[in-house]
Chemist: 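Let me give you the structure first, and then I'll get to my questions.
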Amino acid sequence: MELFWYIVLMFMLGMYVILDGYDFGAGIVHLFFAKTEEEKTAVTKSIGPFWDANEVWLIAGGGVLFFAFPTLYASSFSGFYLPLMMVLWLLIFRAVGLELRGQFHNSLWEGFWDKAFGIASLLLALFFGAALGNVVRGVNLGMVENGVSTQESHYFFLALWNPTFDPLAHQQGVIDWFTLLMGILAVVTLTIHGANWVILKTSSSLNERLRIIIFRLNFVLLFLVIISIMSWQYVRPVPFHNFKEHLWLWIFPIIAAVGLLGQFRIRMFKKDSTGFMFSTLFIFGSFATSVASLFPNLLPSTNEVNPSLTIYNTAANDYGLSVGLNWFIIAAILVVAYFVIQFRVFKGKLDNIDYGGH
């Protein structure tokens with residue numbers, strides 16, 4: 001049962017990254033590339049019917065984490081308390097920016113909420129990328145000092161950054177050069193993903209310019225991917241040992257590579273959906289590769305005193321996991337039905353919908 005709920009949790013988090021990821025990317029596009037009122041309106045229309053539903057995947061993932069892996073939930077929400085509070089406020093500001101922007105047609109009012117929406121989207125992409133970097137790097141479980149655990153084996157707490165900015169420092173921080181690199185990688189990835197979504201769902205004059213931007217950003221993305229893989233091996237030696245033992249796992253890096261390389265042909269695609277498909281493949285393949293490399297760890301330990309938190313030593317008892325399965329089946333049916341209806345209702349271009357224009 002632990003493995004089943006682990007797959008469910010990773011699926012939900014993966015869906016959140018893909019679906020709400022294009023919302024973040026659209027916000028970044030809105031901040032930097034949408035110049036006219038028409039272009040800004042097109043960006044908000046592209047995500048208007050979807051963004052709040054996409055955030056449900058984050059809530060659902062948190063619920064599964066709380067239910068199926070309570071030890072990990074308690075450890076993570078205490079250890080990452082400060083960045084989690086920052087993420088919460090950024091989610092609020094992004095939503096408020098979208099909803100309040102059209103309440104008054106005043107340039108100062110609209111400009112303020114435009115910036116709130118765009119900057120919050122940018123920082124959320126950065127923080128979620130840094131969060132993955134923290135998981136990959138691991139944390140000092142038990143707050144070990146001089147070989148002695150000063151706290152419970154699953155407890156840790158991270159400052160926002162450490163003075164050395166070194167991911168291998170004894171006193172770790174949420175932000176160091178490695179997690180910052182992962183954050184920047186996430187920002188570029190989701191900017192491309194969001195731009196592809198805007199192209200898919202609108203007929204804006206912005207679209208041709210976005211194709212050129214995607215093509216150029218893809219070179220930056222390729223460079224960042226190479227640097228991040230090299231850095232990963234520095235932070236966590238032998239990070240891909242699971243791929244040596246299970247060769248079928250290589251399908252995930254291959255999917256990521258296909259998605260990345262396919263985006264170099266963005267200006268040649270005849271269908272607007274092709275670019276979004278390739279950016280989705282890259283995100284899915286990259287996320288799955290990271291998950292597969294860490295398995296069965298959920299949160300690695302950087303010391304040898306306390307073990308890493310895994311799907312086995314953090315899971316709830318078998319009875320609770322079994323009972324939860326019945327409710328999960330009902331919830332899964334409702335969610336699938338909701339998303340099928342939503343995407344059918346809002347299929348095609350969204351240029352003619354009225355969103356945010358109160």
Side-chain angles (χ1 to χ4, degrees), residues 9 12-14 16-32 47 51-52 54-63 65-66 72-101 112-141 143 155-167 169 171-191 193-194 228 287 290 298-299 309:
L9 176 62
M12 288 181 172
L13 293 179
Y16 176 71
V17 173
I18 291 171
L19 296 180
D20 214 24
Y22 70 66
D23 294 331
F24 298 157
I28 298 170
V29 169
H30 189 279
L31 179 65
F32 291 115
I47 64 172
W51 69 267
D52 48 353
N54 292 338
E55 289 187 348
V56 171
W57 290 103
L58 180 63
I59 299 171
L65 182 63
F66 174 75
L72 177 66
Y73 179 91
S75 177
S76 300
F77 273 67
S78 61
F80 295 123
Y81 183 82
L82 178 58
L84 284 173
M85 289 299 101
M86 296 175 71
V87 165
L88 176 60
W89 279 104
L90 289 171
L91 287 170
I92 293 172
F93 256 88
R94 186 173 70 105
V96 169
L98 274 171
E99 294 298 328
L100 293 187
R101 197 258 188 192
F112 175 81
W113 292 117
D114 281 345
K115 290 294 187 294
F117 167 56
I119 293 173
S121 299
L122 173 67
L123 292 178
L124 280 167
L126 184 69
F127 266 77
F128 281 123
L132 178 60
N134 275 269
V135 173
V136 167
R137 180 203 61 200
V139 297
N140 183 17
L141 291 173
M143 304 296 287
Y155 177 84
F156 72 96
F157 182 80
L158 296 181
L160 194 56
W161 64 78
N162 66 58
T164 63
F165 222 56
D166 183 2
Q171 298 293 337
Q172 296 171 315
V174 173
I175 300 174
D176 53 49
W177 65 259
F178 176 72
T179 60
L180 187 60
L181 172 64
M182 298 295 286
I184 295 172
L185 175 62
V187 169
V188 176
T189 298
L190 296 184
T191 301
H193 193 48
S228 65
F287 182 76
S290 302
L298 291 167
L299 188 61
L309 299 182

Chemist: What heavy-atom pair brings S78 and F157 nearest, and what distance separates the two atoms?
Modeler: O-CD1, 3.5 Å
Chemist: Find out whether I119 and F93 are in side-chain contact, i.e. whether some heavy atom of one side chain is under 4.5 Å from a heavy atom of the other.
Modeler: no
Chemist: Do V174 and L82 come within less than 4.5 Å of each other through their side chains, counting heavy atoms only?
Modeler: no
Chemist: If every non-hydrogen atom of S228 is compared with every non-hydrogen atom of L181, which pair is closest and at what distance?
Modeler: CA-CD2, 3.8 Å
Chemist: Would you check if S75 and L141 make a side-chain contact, meaning some heavy-atom pair closer than 4.5 Å?
Modeler: yes
Chemist: On a heavy-atom basis, which atom in V139 and which in Q172 lie closest, and how many Å separate them?
Modeler: CA-OE1, 3.2 Å
Chemist: Which heavy atom of T191 sits nearest a heavy atom of V187, and at what distance?
Modeler: OG1-O, 2.6 Å
Chemist: Roughly how far, to the nearest 0.5 Å, is the OH atom of Y16 from the CZ atom of F128?
Modeler: 4.0 Å
Chemist: Nearest 0.5 Å, what's the CD1-OG1 distance between I184 and T179?
Modeler: 10.0 Å
Chemist: Of D20, D52, D114, which is the lone residue that meets salt bridge (charged side-chain N to carboxylate O under 4.0 Å, His left out) with R94?
Modeler: D20
Chemist: Is there side-chain contact between L298 and V135, with at least one heavy-atom pair below 4.5 Å?
Modeler: no
Chemist: Any side-chain heavy atom of V17 sitting closer than 4.5 Å to one from W57?
Modeler: no
Chemist: Please report the shortest heavy-atom distance between D23 and S121, naming the atom on each side.
Modeler: O-OG, 4.4 Å
Chemist: With side chain to side chain contact (heavy atoms under 4.5 Å, CB included) as the test, pick out the partner of F24 among L124, L90, V29.
Modeler: L124
Chemist: Is any side-chain heavy atom of N54 closer than 4.5 Å to a side-chain heavy atom of Y22?
Modeler: yes
Chemist: Which heavy atom of L9 sits nearest a heavy atom of G61, and at what distance?
Modeler: CD1-O, 3.3 Å
Chemist: To the nearest 0.5 Å, tell me how far H193 NE2 sits from I18 CD1.
Modeler: 6.5 Å
Chemist: Do F156 and N140 touch side chain to side chain, with heavy atoms closer than 4.5 Å?
Modeler: no
Chemist: Picking from W113, F117, W51, what satisfies ring pair (Phe, Tyr, Trp, His ring centres under 6.0 Å) with H30?
Modeler: F117
Chemist: Verify, without hydrogens or angle tests, whether Q171 (side chain) and P163 (backbone) share a donor-acceptor contact under 3.5 angstrom.
Modeler: no
Chemist: Is the closest side-chain heavy-atom distance between F165 and L180 below 4.5 Å?
Modeler: yes
Chemist: Nearest 0.5 Å, please: how far is CG in L132 from CZ in F287?
Modeler: 7.5 Å
Chemist: Atom CH2 of residue position W161 - does it have more than 12 heavy atoms of other residues, nucleotides or ligands inside 6.0 Å?
Modeler: no
Chemist: About how many Å separate CG of D176 and CZ of R137, when rounded to the nearest 0.5 Å?
Modeler: 5.0 Å
Chemist: Working to the nearest 0.5 angstrom, can you tell me the gap between L122 CG and L190 CG?
Modeler: 10.5 Å
